[in-house]
Amino acid sequence: MADNIQRLLTIMSRLRDPETGCPWDLKQSYATIVPYTLEEAYEVADAIARQSFDELKDELGDLLFQVVFYAQLAKEDGRFEFDDCVAAICDKLERRHPHVFGNMQTANGADAEVVLKNWEALKSTERKQSGLHSVLDNIPQAMPALSRANKLQKRCATVGFDWPSVDGCWDKVKEEILEVEQTAPGSEALAEELGDLMFALVNVVRKHKLDPETVLRAANSKFETRFRGVEQLLAGQGKSPQQSNLDEMEALWQQVKKANR
């Protein structure tokens with residue numbers, strides 16, 4: 001394994017060689033490769049969702065290359081190197097798992113909830129030591145909004161700012177629905193009220209111990225499958241969606257929905 005890691009680092013170094021390197025790679029900066037990093041992360045998630053584990057190997061390699069690219073840029077700037085990244089995550093994992101690597105003894109099969117609370121407490125201490133004092137500090141602004149909403153709520157829950165049960169979350173959703181219905185269509189306030197409703201729904205999902213991004217991704221996939229089924233049935237009639245109407249497509253939608261149950 002060490003040989004392959006060194007091989008990858010050597011390849012990256014050659015790609016960035018000022019005289020013999022790749023022109024495209026030489027033009028890149030930290031900022032310009034961020035979109036590729038996000039794209040590769042989504043491709044990893046997609047391979048997992050499709051259970052395409054042969055593809056997953058390649059996608060994880062692509063994602064690893066992004067880490068190596070950032071480390072190469074940092075090395076050129078005299079900031080840090082790839083080995084420093086590895087050492088940093090090793091130190092962090094050992095520090096945040098005292099029940100495995102430290103003096104905190106836990107029985108085999110220890111409660112995952114307890115471990116998670118300890119993890120969050122350790123992270124909170126680390127944030128304060130770094131000069132970050134708010135519970136909400138260090139939550140990336142660039143996260144997808146749905147994931148960030150979930151993260152904000154989970155952080156607040158660690159200090160007790162949370163509904164005792166999902167019932168309170170549902171009451172809030174109903175309240176937000178009423179506010180949306182009472183807001184004038186097209187008004188500036190409508191977007192704000194819809195945002196409040198979406199935020200409240202994330203709370204419901206979180207309380208059920210589900211991940212909102214995963215839940216919505218599954219809903220997207222189900223919708224796509226069903227609509228493609230509608231397109232296929234229409235094609236069998238020699239028609240396209242553009243040549244159909246809502247009533248016809250709704251009837252076919254219900255047919256596809258029933259068939260997929």
Side-chain angles (χ1 to χ4, degrees), residues 32-66 140-151 153 166 169-170 172-174 176-261:
T32 61
I33 59 176
V34 166
Y36 300 101
T37 307
L38 296 174
E39 180 180 338
E40 297 299 349
Y42 283 124
E43 289 181 0
V44 166
D46 182 65
I48 293 172
R50 292 184 289 105
Q51 296 189 347
S52 180
F53 296 108
D54 286 339
E55 288 185 35
L56 179 59
K57 176 186 64 177
D58 291 336
E59 299 300 350
L60 287 170
D62 292 341
L63 187 57
L64 174 61
F65 179 69
Q66 301 299 307
Q141 292 283 348
M143 285 180 73
L146 206 59
S147 293
R148 193 164 192 272
N150 188 47
K151 189 75 170 179
Q153 294 171 7
V166 73
C169 301
W170 276 121
K172 187 63 176 176
V173 168
K174 294 170 186 176
E176 297 298 348
I177 290 174
L178 286 175
E179 291 184 7
V180 168
E181 292 175 340
Q182 294 167 2
T183 303
S187 67
E188 293 183 3
L190 182 60
E192 180 180 348
E193 297 298 344
L194 287 169
D196 291 343
L197 174 56
M198 295 172 71
F199 192 85
L201 279 170
V202 170
N203 243 333
V204 172
V205 176
R206 179 182 62 84
K207 274 296 189 181
H208 282 292
K209 301 186 184 304
L210 297 169
D211 174 68
E213 284 284 345
T214 302
V215 168
L216 185 57
R217 192 177 299 119
N220 289 342
S221 179
K222 181 168 65 176
F223 177 88
E224 182 179 3
T225 298
R226 289 179 178 175
F227 190 77
R228 288 180 183 275
V230 169
E231 289 179 314
Q232 290 174 0
L233 290 175
L234 283 172
Q237 300 173 9
K239 299 171 66 175
S240 67
Q242 293 86 345
Q243 296 168 323
S244 182
N245 58 51
L246 180 58
D247 289 339
E248 290 174 323
M249 286 189 284
E250 175 62 24
L252 294 176
W253 175 276
Q254 294 301 328
Q255 182 178 332
V256 171
K257 182 178 178 180
K258 184 177 180 180
N260 289 340
R261 282 177 179 168

Measure across Leu252 and Val230 and return the closest heavy-atom pair with its distance rounded to 0.1 Å. C-CG2, 4.0 Å
Looking at side-chain heavy atoms only, is the closest gap between Asp62 and Glu59 below 4.5 Å? yes
Asp46: partners by salt bridge (Lys or Arg N to Asp or Glu O under 4.0 Å), with sequence neighbours left out: Arg50
Tell me which pairs pass salt bridge (Lys or Arg N to Asp or Glu O under 4.0 Å) where either residue lies in residues 182-193, with sequence neighbours left out. none
What do you reckon, is CE of Met249 surrounded by more than 12 foreign heavy atoms closer than 6.0 Å? yes
How long is the span from the CZ atom in Arg217 to the CG atom in Leu146, to the nearest 0.5 Å? 9.5 Å
Starting from the C-alpha separation in whole Å, work towards a yes-or-no answer on side-chain contact (heavy atoms from CB on, under 4.5 Å) for Leu64 and Leu60. CA-CA 6 Å; Leu64 174 61; Leu60 287 170; over 6 Å; no
Working to the nearest 0.5 Å, report the span between CD of Gln141 and CE of Met143. 10.5 Å
For Tyr36, enumerate each residue passing the ring pair (Phe, Tyr, Trp, His ring centres under 6.0 Å) test, keeping only those at least two apart in sequence or located in another chain. Trp24
Check whether more than 12 heavy atoms from other residues, nucleotides or ligands sit under 6.0 Å from atom CG of Asp54, and answer yes or no. no
Can you list the residues that meet the ring pair (Phe, Tyr, Trp, His ring centres under 6.0 Å) rule with Phe223, with sequence neighbours excluded? Trp253
Set of residues satisfying salt bridge (Lys or Arg N to Asp or Glu O under 4.0 Å) with respect to Glu176, sequence neighbours excluded: Lys172
Tell me, please, which residues at least two apart from Gln243 pass side chain to side chain contact (heavy atoms under 4.5 Å, CB included). Lys239, Ser240
Distance check, rounded to the nearest 0.5 Å: Leu201 atom CG versus Asp196 atom CG? 11.5 Å
Side chain to side chain contact (heavy atoms under 4.5 Å, CB included) involving Val205 - partner list, sequence neighbours excluded: Leu210, Pro212, Val215
Between Val173 and Leu197 the two heavy atoms that sit nearest each other are O-CD1, 3.8 Å
Residues 176-199 vs ring pair (Phe, Tyr, Trp, His ring centres under 6.0 Å), sequence neighbours excluded, gives none
Tell me, please, which residues at least two apart from Phe65 pass ring pair (Phe, Tyr, Trp, His ring centres under 6.0 Å). Phe69
Gln153 side chain vs Asn203 backbone, donor-acceptor pair below 3.5 Å: yes
Residues that Arg228 engages under salt bridge (Lys or Arg N to Asp or Glu O under 4.0 Å), provided they are two or more places apart: Glu224
Restricting to non-hydrogen atoms, name the atom on Lys207 and the atom on Cys169 that form the minimum distance, rounded to 0.1 Å. CG-SG, 3.5 Å
Would you please name every residue forming a side chain to side chain contact (heavy atoms under 4.5 Å, CB included) with Ala189, sequence neighbours left out? Thr183, Ser187
With sequence neighbours left out, what residues match Asn260 under side chain to side chain contact (heavy atoms under 4.5 Å, CB included)? Thr225, Arg226, Val256
